[in-house]
Participant: 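Can you keep this structure in mind? I'll have questions shortly.
Numbers restart at 1 for each chain; the letters A, B, ... are given by sequence-line order, proteins then strands.
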Amino acid sequence: MLQQWLENYITNGSGLSWFALLVLTATTIWLLINAFSNMLRARMIEDIATSKIRSAAQGYVELIGRADWLPGPDIRAPLSGKNCVWYSYTIEARIGGGWFSRLLQRSGWEVLDRGASTELFQLSDDTGACIIDPESAQVYTTTQDVWFGSSQWPEGPIGASETVPLKPLGINMSMGVGRYRYQERRIACGTELYALGHFDTIGSDYAGDLSHDVAAILRSWKRDEAFLLRRYDSNKDGQLDEKEWVSVRRDAQILAKEHHKLNATGSTFHTLSETQDKRLPFILATGSPSGLVSRHRKRALLSLLGVAGTASFLAYILWLGYLS
Amino acid sequence: MQIAGMLLISVVFMILIYAVILYNHLIVIKHNVGKAWSNIDVLLTQRYDELPKLVEVCKAYMQHERGTLEAVMQARSRVSLAQQHHDIEALGVAEDFLRQGLGRLFIQVEDYPELKADKQFLHLQQRISGLENAIADRREFYNESVTRNNTRIEQFPDVFLARLFAFKPFKLLKFKPEQTGDVDIKSLLDNPANTN
């Protein structure tokens, strides 16, 4: 039937619809990019080793620990009123009208309000604690609460049956009665949390001057030329070129910073936040990293199946057009 | 025929992109091992600088323990040599010697109450213990990075690229099991066999 319709469309119509071809090609490319980026994300999470908070190096690190509150007022999720360390919520209203307008408006629901917590909280493992700044983080939770009501803001408490597992593509098919739909994700206090982001140690009141320390380290290294050449002469030409000196200076800076960190006389604290490098994602996820990897793998697989489908359809249309 | 050709080109193009992604990822995990090594290297260098200060302070009080102090300094040199040559096996062995030497030194300090009360000694002891803990943590991190690299280059489909571009496995940094934890002076004192 589809073949007949397509053949009629191509032979009786204005030939191949370039618009349809363009949409199919764009969809295929988008699905392909989605598949590769999810696969890459899964591999990245799998291949980064976990650091201990006590000894984590400054920079991009992976930490696993328990989410906890920082001293101060409680953090309450705005829709359910439950205590948590982090939340995000969405309030949607059902849209009337025909099926086409509902399709254009994301399955018949219009977003009225949405938001996410930017309150700091703490991650602790058996060696120390680290402050998490969740701003700009990609947060993955294994479940979310979905319930319905007749007013824009929920009036009563939510039931246990309204907590549903999140699907790999984040599509929620929950059905219910009420003009408004509420969705809320939370990270509860005490939850096992996986975090990937920029680790920094701040608050040191060590009196030493960093640039002075870097200069001292460089002076001591320059006195031992054999050491410098053995370690940094990557092209083995017996001298250090400008590129190799960049490595020398970078390592001297790392060493000086570590020296500052370990010689801090006052209280220091660790933070984990967004990275400056946009290629490195800032991720917070409840549950084990293997669950997160599996989620990205499923997304990659679904996207690849989509690629196979759209590409086959594209080839079929081209073939029909070629025959006609 | 034209369509079959286009399909073939598309599939080859996709495989090429996939191969590029795999190759770049292998490079990233190789560099992760390098960074993990640098993290240990930094701490080893700091401890190398701190140990002579500790030995100098101890020398002033421990007139009859020259052997122990010299053993610590010799072990320090062995660690430094292994570190400079990036010899992971030798570093593991040298670390064992150094930790044994430090354990013995801290036990003998118990016989010198004045040294135990010396502020500079206490500061250095605390600092070296802190460095030891950090080295132990980062050794775990290094080994985890190495394991992930070594596993990846043996897995399908990465193994093809790893062999084609000669990606090599890295060696694990092994300490004796009893040496991997913190230097526990109390347990050493309770076990006279450690004090010979």
Participant: Just checking A/His198 against A/Phe282, ring centres under 6.0 Å apart?
Facilitator: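 That pair fails the under 6.0 Å test.
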Participant: I'd like to check the side-chain contact (heavy atoms from CB on, under 4.5 Å) partners of B/Val55; sequence neighbours left out, ordered by chain and number.
Facilitator: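 With sequence neighbours excluded, B/Val55 shows a side-chain contact (heavy atoms from CB on, under 4.5 Å) to B/Lys59, B/Leu69, B/Val72, B/Met73, given in chain and number order.
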Participant: Could you measure the distance from the CG atom of B/Leu131 to the CG atom of B/Leu43? Nearest 0.5 Å is fine.
Facilitator: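 Output value for this atom pair is 6.0 Å.
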Participant: Does one side chain, of A/Thr275 or A/Asp277, offer a donor that lies under 3.5 Å from an acceptor on the other?
Facilitator: no
Participant: Can you run down the side chain to side chain donor-acceptor pair (under 3.5 Å) pairs that involve residues 157-169 of chain B, sequence neighbours left out, and say none if there aren't any?
Facilitator: A/Arg43-B/Asp158
Participant: Between A/Thr127, A/Ile48, A/Val307, A/Leu32, which residue shows the highest count of heavy-atom pairs closer than 4.5 Å to chain B?
Facilitator: A/Ile48
Participant: What parts of residues 20-36 of chain B touch chain A if we use heavy atoms and a cut-off under 4.5 Å?
Facilitator: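 Checking residues 20-36 of chain B against chain A gives B/Ile21, B/Leu22, B/His25, B/Ile29, B/Asn32.
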Participant: Of the backbone (N, CA, C, O) and the side chain (C-beta and beyond), which part of B/Ser145 lies under 4.5 Å from a heavy atom of chain A, both, or neither?
Facilitator: both
Participant: Is A/Leu314 close to chain B through its backbone or its side chain, or both, or neither, when contacts mean heavy atoms under 4.5 Å?
Facilitator: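 A/Leu314 has no heavy atom closer than 4.5 Å to chain B.
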Participant: Does A/Pro281 have any side-chain contact (heavy atoms from CB on, under 4.5 Å) partners at least two apart in sequence or in another chain, and if so, which?
Facilitator: A/Arg41, A/Met44, A/Tyr60, A/Gln138, A/Ile283
Participant: NZ of A/Lys298 to CG of A/Asn38: how many Å apart, nearest 0.5 Å?
Facilitator: 12.5 Å
Participant: Report, as yes or no, whether the 6.0 Å neighbourhood of atom CD on B/Glu114 holds more than 12 heavy atoms from other residues, nucleotides or ligands.
Facilitator: no
Participant: Side chain, backbone, both or neither: which part of B/Tyr18 has a heavy atom under 4.5 Å from chain A?
Facilitator: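 For B/Tyr18, backbone and side chain are both near chain A.
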